[in-house]
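To find a chain, count down the sequence lines: A is the first, B the second, and so on, and within it residues start at 1. For clarity, every value in this text was computed on a predicted model and none was experimentally measured.
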There are 2 protein chains.
Amino acid sequence: MMTETGDQTLIKRINTAIVLEAILRGAPLSRAQISERTGLNKATVSNLVQELIDGSLVCEIGTGQSSGGRKPVLLEFVATAGHAVGVDLGVNYIRGVLTDLKGAIVAERVTALRQTEPEPVLNELCACVDGLISLAPPSPYGIVGIGVGVPGLVDDSGTVLLAPNLKWRGVPLRDRLAERYRLPVTIDNEANAGALGEQKYGAGRRISNLVYVSVGIGIGAGLILQQSLYKGASGFSGEIGHMSVEAFGKPCACGNQGCWEAYASERALLERAKHSGIEGVDDLDGLLAAAAAGREDVQALLAQAGEYLGIGVANIVNAFNPEAVIIGNRMTRARPWLEDSLRKTVVRRTMSFPLRHLQLMFAELGDRSAVMGAAEMAISGFFARLKAGAVIPGRKRNGQ
Amino acid sequence: MMTETGDQTLIKRINTAIVLEAILRGAPLSRAQISERTGLNKATVSNLVQELIDGSLVCEIGTGQSSGGRKPVLLEFVATAGHAVGVDLGVNYIRGVLTDLKGAIVAERVTALRQTEPEPVLNELCACVDGLISLAPPSPYGIVGIGVGVPGLVDDSGTVLLAPNLKWRGVPLRDRLAERYRLPVTIDNEANAGALGEQKYGAGRRISNLVYVSVGIGIGAGLILQQSLYKGASGFSGEIGHMSVEAFGKPCACGNQGCWEAYASERALLERAKHSGIEGVDDLDGLLAAAAAGREDVQALLAQAGEYLGIGVANIVNAFNPEAVIIGNRMTRARPWLEDSLRKTVVRRTMSFPLRHLQLMFAELGDRSAVMGAAEMAISGFFARLKAGAVIPGRKRNGQ
DNA sequence: AAGACTTTGTTTATTGCATAGACAAAGTAA
DNA sequence: TTACTTTGTCTATGCAATAAACAAAGTCTT
């Protein structure tokens, strides 16, 4: 079996993580406060803090107010001890960010994609990453990793098994990037990345069970259950766009019939607009402009999309009983015209008990949900490595 | 925050758990073998084993074959160091089991229920539990707990919030039983109990991500994700019977339309039989007898139920990507007539990647899935307490 | 301004646990 | 009988957390 056994180093790693966690969430904190909050002995905290300082992860930022005795020395996490690169690989764009270890954006790059074949896309992607890395200021840990969100199915070796809208099949993205950059690389589905981004930096902060529904050309979902991303047995969970909501409805390329995304996605919306003979609107932007201009037929169409969206959301709520459902990706732009019918449908179709504590929200990070989640994958990987191997003090590396 | 901090007792608890786990799954094992498998030092294993022996949880069962040196002393878990009570509270029956700590059934009791009001049901339930407890042989830890599965929604205080078929609302079942028996009591949904039962003792042994679909009068699901029961934000996950599979289908009492259970449950099946003018079959047993007798109209009806079942199962697979889906509860009796159409539908409607590793199975424990899961809740509670508080050596208590 | 508290953070002695390695016990093979 | 193996215990050591003492740096009262 060889599960990790308990020994002294394990204790130390656990307690170091506890101290670091306390600092991360408690902002400026003194050693005494950490001791009190965590229950660790003052001496223990002092020791561990010293090692974190030696490891450049924590620094003293001066003294605080006295409460009747010696002034406390305040500690702060060194957000710029390293940087992370996050990439959102879209169907017709690449968005990349360089962030510090707290997820603050240091630099951003957006490129339009004109072709979808793997090689040219990879070249663009690397150009984006190169540019971001070159902007990274020197830091003790340098670039700690690269995270990428892609519009398709990814297995746990970081290979893109299938990305229909890019027409990719079996592209070993992680290996390619890892080989080129010699850095830890994490690849995941765009919806999973979006879920992570919103959970860490957006509408879902501190929520332990949430479903992020990415409504774009298709529909996907990222599931955060019990604090962590649930990826299913083989990494393909969340293909919720292909849940039947009309048992014998429209046939879908996936083999199923009446798939949710055939009714509630951007593509479905556009098809319906075409079918209804609504003219002069061949993309989402056109449709939204028309709605904004007061065209009632378009508004009705959007409201209907809201209802279909609500049907699937209700299914999700009944099945998962999450604390929050967050609607993200392109269709959020239609929020003003679909939110009302969406909410009404969800309320009507969801069982009363799971509904009671449900928050139905829209992505707070807008079109940055996925890219922030991608960066977060790199950051959390760094912290996981810290926890696994303890702090390596006195590192000095360049941002390059 | 006050997360559990790392200290010496934590190490010891972790390692004790590792040793116990190794013995539990490795059957007869010597100290040397445990040391090798777990990576713990021989001396450490010796110490911990000695404490487990003092705590009556492990015993030496003689020597094994020599492999060229001193004979090993084989160790075994003492399954009868305590006993657990599991109860499956059905709509018209109560089934109870007394098991040892390995889940082996020591005694069983089944009672028919003629009424559903809380008080009489509670009396029957207690009579059942009393009877089982009186049959427990004396043991070091006595009765370690009581687990109960109920056909309804349960909150985390063990109150039955809503059990439509029993017409219960707000019955504080756990408190009532805990007060009477002064024992740890766990209450959960019947589907959750069934999922646990099958995962631990049935078709889903050792599978870390599985969905147990309880198809009875209604449909519920128990979700085991990443090794543990997922109960949602407020304990109401798995109400998957009320997932819409026909967006604008039959209205349901829950407020939704086209709920899965309105098409694929036992109740739906019987209604359809009635509607189709099929006579002389007013319950499931009658229907199955007719199918067995070769009535083709009834067989077609069952095949149709299999298809509807498959539609929902495909939705589950697309959303959760589990390693296994296990069909349980009453409708499993119709397996011979619905399995074929069920499997075909699932294969056709599920995306190819999640399908690849999917096992679609029927409950192996038959009508004991839930009761075994209930017992398992009590047993795992006992082990959790052991891990939390280490072994208390030299206990002597009576089964009473 | 002096003395009496208070709070912070470090130092010291102690304790508990795992570990490596030595060792005794109990076996096999030749 | 002798040499080698394997099992399980014993011993000395090291590491990490802890309580308690302590030094440092404050505040507050009179």
Side-chain angles (χ1 to χ4, degrees), chain A residues 2-19 22-23 26 28-54 58-75 387 390-391 393, chain B residues 2-19 22-23 26 28-54 58-75 389-391 393:
Chain A
M2 282 285 182
T3 331
E4 170 160 36
T5 61
D7 62 355
Q8 307 287 42
T9 75
L10 176 66
I11 293 192
K12 190 158 188 180
R13 273 172 11 226
I14 290 174
N15 289 339
T16 304
I18 290 175
V19 170
I23 297 175
L29 228 52
S30 70
R31 292 168 173 82
Q33 284 176 300
I34 296 173
S35 166
E36 196 169 346
R37 293 197 187 183
T38 60
L40 288 166
N41 187 279
K42 286 193 296 177
T44 309
V45 171
S46 267
N47 278 324
L48 297 177
V49 163
Q50 192 50 54
E51 291 196 20
L52 288 170
I53 290 176
D54 293 343
V58 163
C59 67
E60 302 184 339
I61 53 164
T63 58
Q65 282 285 314
S66 159
S67 59
R70 171 173 164 185
K71 284 182 183 167
V73 178
L74 296 181
L75 302 167
K387 281 182 199 173
V391 188
Chain B
M2 282 284 181
T3 333
E4 169 159 36
T5 61
D7 62 354
Q8 307 287 42
T9 74
L10 176 66
I11 294 191
K12 189 159 186 179
R13 279 183 352 240
I14 290 175
N15 289 340
T16 305
I18 290 176
V19 169
I23 297 175
L29 228 53
S30 70
R31 291 167 174 83
Q33 284 176 301
I34 296 173
S35 167
E36 196 170 346
R37 292 197 187 184
T38 61
L40 288 166
N41 187 279
K42 286 191 297 175
T44 309
V45 171
S46 267
N47 278 324
L48 298 178
V49 162
Q50 191 51 52
E51 290 196 23
L52 288 171
I53 290 176
D54 292 344
V58 163
C59 66
E60 302 183 338
I61 55 165
T63 57
Q65 283 284 316
S66 158
S67 59
R70 174 173 160 183
K71 283 182 185 168
V73 177
L74 296 180
L75 301 167
V391 188

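- Residues A:Ile34 and A:Leu75 have side chains in contact (heavy-atom distance under 4.5 Å, counting atoms from C-beta outward).
- You'll find the side chain of B:Glu51 stays beyond 4.5 Å of the side chain of B:Thr16, heavy atoms only.
- At whole-Å resolution of the value, CZ in A:Arg31 and P in D:dA25 are 14 Å apart.
- Using a 4.0 Å heavy-atom criterion, one finds that B:Ala32 contacts the sugar-phosphate atoms exclusively.
- The separation between A:Leu10 atom CG and C:dG16 atom C1' is 15 Å, rounded to whole Å.
- Atom pair B:Asn47:CG and C:dT19:C1' shows a separation of 11 Å (rounding to whole Å applied).
- In this structure, CD1 of A:Ile34 is placed 14 Å from P of D:dA17, rounded to the nearest angstrom.
- Residue-level contact check: A:Asn15 touches the backbone only, with heavy atoms under 4.0 Å from sugar-phosphate atoms and none from bases.
- One cannot find a donor-acceptor pair under 3.5 Å joining the base of C:dC17 and the side-chain atoms of B:Gln8.
- Contact between the side-chain N/O atoms of A:Arg13 and the OP1/OP2 oxygens of D:dA16 is not found at any separation under 4.0 Å.
- Closest-nucleotide positions on DNA chain C for A:Leu74 and A:Asp7 were compared, and the one nearer the 5' end corresponds to A:Leu74.
- With a 4.5 Å cut-off on side-chain heavy atoms, B:Gln8 and A:Gln8 count as touching.
- Annotation: side chain of A:Arg13 is in contact with side chain of A:Leu10 (closest heavy-atom distance under 4.5 Å).
- A donor N or O paired with an acceptor N or O is found under 3.5 Å between the base of C:dA20 and the side-chain atoms of B:Asn41.
- Partner of B:Ile11 under the side-chain contact (heavy atoms from CB on, under 4.5 Å) criterion, out of B:Asn15, B:Ile14, B:Asp7: B:Asn15 alone.
- What separates CD1 of A:Ile18 from P of D:dA16 is a distance of 15 Å, to the nearest Å.
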Check the pair B:Leu74 / B:Glu60 against side-chain contact (heavy atoms from CB on, under 4.5 Å), numbers first and verdict last. CA-CA 6 Å; B:Leu74 296 180; B:Glu60 302 183 338; over 6 Å; no
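- Inter-residue side-chain proximity for A:Lys12 and A:Leu48 is flagged as met; some heavy-atom pair is nearer than 4.5 Å.
- Taking atom CD of A:Gln50 as the reference point, atom P of C:dT10 lies 7 Å away to the nearest angstrom.
- For D:dT18, one of the phosphate oxygens OP1 or OP2 lies less than 4.0 angstrom from a side-chain nitrogen or oxygen of A:Thr44.
- When the C1' atom of C:dT11 is taken as reference, atom NZ of A:Lys42 falls 11 Å away, rounded to whole Å.
- At the heavy-atom level, B:Val73 lies under 4.0 Å from the strands shown only through sugar-phosphate atoms.
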Per-nucleotide protein contact string for nucleotides 25-30 of chain C, where B marks a base within reach and S marks sugar-phosphate only (heavy atoms under 4.0 Å, - for neither): BBBS--
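- In this structure, B:Ile14 atom CD1 and C:dT19 atom P are separated by 12 Å, rounded to whole Å.
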